[in-house]
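All values below come from the heavy atoms of this structure, side chains included, with hydrogens, waters and symmetry mates left out.
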Amino acid sequence: MGQKQLKALEELKERLTKAPILALPDFAKTFELEYDSSEIGIGAVLLQEGHPIAYFSEKLHGASLNYLTYDKEMYALVRALQTWKHYLVSKEFVIHSHLNI
C-alpha cells in the first residue's frame, strides 16, 4: 500500500470514528429543526444546542418528484413536524430552512 492509500485509509478511519453522536433530548432546552429537500428526497435533523437528537429522511415517489422546489421544502417541513410532534408540541422551537430565496 502506497502513501496515498495510507493517507486515505487514515482519513476514512478518522471520519468514521468522529461521526456525530445523537444526544438525548432535554425538554428544558429549546429544540431546533433543520430541513432540506433535493430532486429525489427530503431530510431533517432535530437539534438542541447544535447537537443532533434525531434524523429523518424520505425518498420521494410518484407525483411528489414533480413538486416545485418550494413545495418539496414545505413537504419536508410538514413530514419533519409530523415525525417529531411529540417533542415539539408542548413548547416553542426554532425552524431553520436551507432554501435560498
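Within a 6.0 Å radius of CD in Gln82, other residues, nucleotides and ligands contribute more than 12 heavy atoms. The local environment of CD in Gln5 is crowded, with over 12 non-hydrogen atoms from other residues, nucleotides or ligands closer than 6.0 Å. Surrounding CG of Leu24 are at most 12 heavy atoms belonging to other residues, nucleotides or ligands under 6.0 Å away. In Leu9, the CG atom is crowded: over 12 heavy atoms of neighbouring residues, nucleotides or ligands sit closer than 6.0 Å.
Once rounded to the nearest 0.5 Å, the distance linking CD1 of Ile53 with CH2 of Trp84 reads 10.5 Å. Between the NE2 atom in His96 and the OH atom in Tyr35 there is a gap of 11.0 Å [rounded to 0.5 Å]. In this structure, CG on Leu77 lies 10.0 Å from CD1 on Ile42, to the nearest 0.5 angstrom. Remark: Tyr67 OH to Glu73 CD distance equals 14.0 Å, nearest 0.5 Å. Taken to the nearest 0.5 Å, the CG atom of Leu33 stands 6.0 Å off from the CD1 atom of Ile95. Atom CG in Leu68 sits 11.0 Å away from atom OG in Ser37 (nearest 0.5 Å).
Remark: Glu10 engages Lys13 in a salt bridge, criterion side-chain N to carboxylate O under 4.0 Å.
The two residues His51 and Ala23 come nearest to each other via the heavy atoms CB-CB, 4.2 Å. When all heavy atoms are compared, the tightest approach of Pro52 to Val45 is CB-CG2, 4.0 Å. Contact record, Lys91 with Phe27: NZ-O, 3.1 Å, taken as the closest heavy-atom pair. For the residue pair Glu39 and Lys72, the shortest heavy atom distance occurs at O-NZ, 3.1 Å.
With a 4.5 Å cut-off on side-chain heavy atoms, Leu46 and Thr83 do not count as touching.
Hydrophobic clustering, with ILVMFWY side chains joined whenever heavy atoms are under 4.5 angstrom apart, keeps Leu47 apart from Phe56. Val78 and Tyr55 fall into different hydrophobic clusters, defined by Ile, Leu, Val, Met, Phe, Trp and Tyr side-chain heavy atoms under 4.5 Å apart, directly or through other members.
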